[in-house]
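We're numbering straight along the sequence, starting at 1.
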Amino acid sequence: AQRTLLVLDNLDTMDNAVRAFLRHLPAPTKAIVTSREWLDVADILRLYGMEREDALALMDTEAEARGVALTPEQKEHLYERTKGLPLPIRLSVARLGGGETVEQVTRWLGDATGDLPQYCVGGQVELIRGRSPNAYRLLLACSLFDREAGAPREALGEIADLSLADRDDGLTLLGQFNLVNRSENDRFWMLPIVQEYARSKLEREEWEAA
């Protein structure tokens, strides 16, 4: 009877009844959904970290609101540690406003066992682990490589001991879950928060001998 926009956050945490409802929305209702899981829908917009200028502007806004003074060097450091992800930026500035030093916040950002990485990527990693052990092995393998250089496709397959088909299917799935990013020269890299979380998982894993 009326035009309605339905917004659902974290669809991946909802049951199948919600998904079924969304696939049969009564006209003229429209829906916007967010999900850590790849969705087969009409229009998809993949979200990445903010561009550098936008991220620095967010830091300035948050710092002003919390009475925090950030030097240009500190803002650049924070950008590199967060790669422009809004939630870690806002929480980092909030911790600075609470009296923590930049060194303390940096350690907090690098704590792979803390609440932040668990909240941001833990759910995606567990979904991958349950759905595709091959993709999970590739995720752990990718965490071993330098983030700037990236990991060659062939090397990841060798380390994870996978066939070419299993390797490529696994890397595609990791890309769909935004856990790895692919560069133009077909190398794969991870955001700092993802890499540190995956490395913490790798330290506790016992891989079978190839």
Side-chain angles (χ1 to χ4, degrees), residues 1-68 70 75 78-79 81-98 109 114-132 135-136 139 168-184 188-195 197-198:
Q2 64 183 28
R3 293 173 59 85
T4 303
L5 175 63
L6 184 64
V7 181
L8 296 96
D9 194 21
N10 292 332
L11 181 65
D12 49 285
T13 64
M14 302 178 189
D15 59 31
N16 290 332
V18 177
R19 296 174 182 240
F21 171 73
L22 288 173
R23 292 189 179 278
H24 299 88
L25 281 177
T29 301
K30 302 295 183 181
I32 296 176
V33 303
T34 70
S35 175
R36 294 183 173 93
E37 183 178 357
W38 183 264
L39 300 175
D40 183 16
V41 295
D43 295 297
I44 296 175
L45 176 63
R46 295 187 65 174
L47 299 180
Y48 299 95
M50 302 171 70
E51 296 292 338
R52 177 179 173 278
E53 291 75 13
D54 294 332
L56 296 180
L58 176 61
M59 293 177 204
D60 289 336
T61 300
E62 292 294 315
E64 182 179 359
R66 299 180 183 277
V68 175
L70 291 174
K75 288 191 287 186
L78 188 57
Y79 176 73
R81 292 296 305 170
T82 62
K83 286 301 180 183
L85 294 179
L87 180 61
I89 288 174
R90 298 187 68 178
L91 292 177
S92 295
V93 177
R95 295 176 79 96
L96 291 170
L109 286 170
D115 293 339
L116 180 64
Q118 180 62 44
Y119 175 80
C120 291
V121 301
Q124 292 159 277
V125 171
E126 290 308 313
L127 280 172
I128 284 290
R129 187 173 190 173
R131 177 174 300 186
S132 173
Y136 182 67
L139 178 73
D168 292 344
D169 288 345
L171 289 173
T172 298
L173 186 60
L174 290 176
Q176 291 174 346
F177 275 77
N178 295 317
L179 290 171
V180 300
N181 304 283
R182 180 184 175 187
S183 62
E184 294 181 356
F188 296 85
W189 57 277
M190 314 164 89
L191 292 172
I193 193 171
V194 177
Q195 185 169 30
Y197 186 83

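Closest heavy-atom contact between G170 and A135: O-CB, 3.7 Å. Listed here is the closest heavy atom pair of K30 and L25: C-CD1, 4.1 Å. Residue P86 comes nearest to M50 through the heavy atom pair CG-SD, 3.7 Å, listed as atom of the first residue, atom of the second, then distance. The shortest non-hydrogen separation linking Y79 to A55 is CD1-CB, 3.6 Å.
When atom types are taken as modelled, the side chain of D54 and the backbone of A57 share no donor-acceptor pair closer than 3.5 angstrom. In this structure, E62 contributes its side chain and R90 its backbone to no donor-acceptor pair below 3.5 Å. Side chain of S132 to backbone of I128: no donor-acceptor contact under 3.5 angstrom is found. Of the possible donor and acceptor atoms, none in the side chain of S35 sits under 3.5 Å from a partner among the backbone N and O of N10.
Remark: R182 CZ to T172 OG1 distance equals 8.0 Å, nearest 0.5 Å. Between the CG atom in L22 and the OG1 atom in T29 there is a gap of 10.5 Å [rounded to 0.5 Å]. Distance CG/L179 to CG/L174: 6.0 Å, rounded to 0.5 Å. Separation of atoms CG (L91) and OG1 (T82) is listed at 11.0 Å; rounding is to 0.5 Å. A distance of 4.5 Å separates CG of L5 from CD1 of I32, quoted to the nearest 0.5 Å. One distance of note links CG of D168 with CG of L173; it measures 12.5 Å at 0.5 Å rounding.
More than 12 heavy atoms of other residues, nucleotides or ligands lie within 6.0 Å of CD in E126, so this atom counts as buried by the packing criterion.
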* To do: Run the numbers on F177 and R131 for side chain to side chain contact (heavy atoms under 4.5 Å, CB included), then give the verdict.
  => CA-CA 12 Å; F177 275 77; R131 177 174 300 186; 3.9 Å; yes
Starting from the C-alpha separation in whole Å, work towards a yes-or-no answer on side chain to side chain contact (heavy atoms under 4.5 Å, CB included) for K75 and D60.
-> CA-CA 9 Å; K75 288 191 287 186; D60 289 336; 2.9 Å; yes
Given the rule in the side chain to side chain contact (heavy atoms under 4.5 Å, CB included) test, do L78 and L109 qualify, once you have shown the distances and angles that lead to the verdict?
CA-CA 9 Å; L78 188 57; L109 286 170; 3.9 Å; yes
*Give the C-alpha distance, both sets of side-chain angles, the deciding distance and a yes or no for side chain to side chain contact (heavy atoms under 4.5 Å, CB included) between L70 and L96.*
CA-CA 9 Å; L70 291 174; L96 291 170; 3.6 Å; yes
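Between R129 and L139, the closest side-chain pair of non-hydrogen atoms is not below 4.5 Å. Annotation: side chain of R19 is in contact with side chain of N16 (closest heavy-atom distance under 4.5 Å).
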